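Just so we're clear, the structure is a prediction, and the values are computed from it rather than from any experiment.
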Amino acid sequence: DKLHDANGVLGSVVGTTLKGSDIGTKALSVTHFHGSYKKACGLVDQFNSRSPPFDGIVAAGVLKEPIEGMAYEVVADTIDLDAIQKMMAASA
């Protein structure tokens, strides 16, 4: 869609949070993937300041508090499958 395209979103994942999340379990979690950390920060800033169209989405009750975006930067592309399996087992 235009919003995501304009903000450099390459892909998204939506699901429920797991144990250990700062917002608890079973909350909705959305992850967007960007081509750069700068673009990710730009979308997060818009979201957290409730700039349009996010102001309308929040006002309509589509999203429930706590609502906060955060940008992360991937610093390595190595996947530690053992660590992932341990985290998944711990959250089961």
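- Grouping Ile, Leu, Val, Met, Phe, Trp and Tyr by side-chain contacts under 4.5 Å, direct or through others, puts Y72 with M70.
- Legend: residues meeting side-chain contact (heavy atoms from CB on, under 4.5 Å) with K39, ordered by chain and number and at least two apart, are H34, S36.
- Of all non-hydrogen atoms in A71 and V44, the two that sit nearest each other are N-CG2, 3.9 Å.
- Partners of V74 under the side-chain contact (heavy atoms from CB on, under 4.5 Å) rule, at least two apart in sequence or in another chain, do not exist in this structure.
- Under the 4.5 Å side-chain criterion, counting only non-hydrogen atoms from C-beta, P53 is in contact with L3.
- Nearest heavy-atom pair, D45 versus S49, reported as atom, atom and distance to 0.1 Å: O-OG, 2.9 Å.
- Atoms CD1 and CZ, from I57 and F47 in turn, are 8.0 Å apart once rounded to the nearest 0.5 Å.
- When atom types are taken as modelled, the side chain of N48 and the backbone of G69 share a donor-acceptor pair closer than 3.5 angstrom.
- Taking NZ of K38 as the start and CG of L43 as the end, the distance is 14.5 Å to the nearest 0.5 Å.
- Residue V13 belongs to a hydrophobic cluster whose other members are F33, with links defined by side-chain heavy atoms closer than 4.5 Å.
- Annotation: the span from L81 atom CG to T78 atom OG1 amounts to 11.0 Å, rounded to 0.5 Å.
- Grouped with Y37 in a hydrophobic cluster is no other residue, since no side-chain heavy-atom contact under 4.5 Å to another Ile, Leu, Val, Met, Phe, Trp or Tyr is found.
- Within 6.0 Å of CD1 on I84 lie more than 12 heavy atoms contributed by other residues, nucleotides or ligands.
- Partners of D1 by side chain to side chain donor-acceptor pair (under 3.5 Å), not counting sequence neighbours, listed by chain and number: H4.
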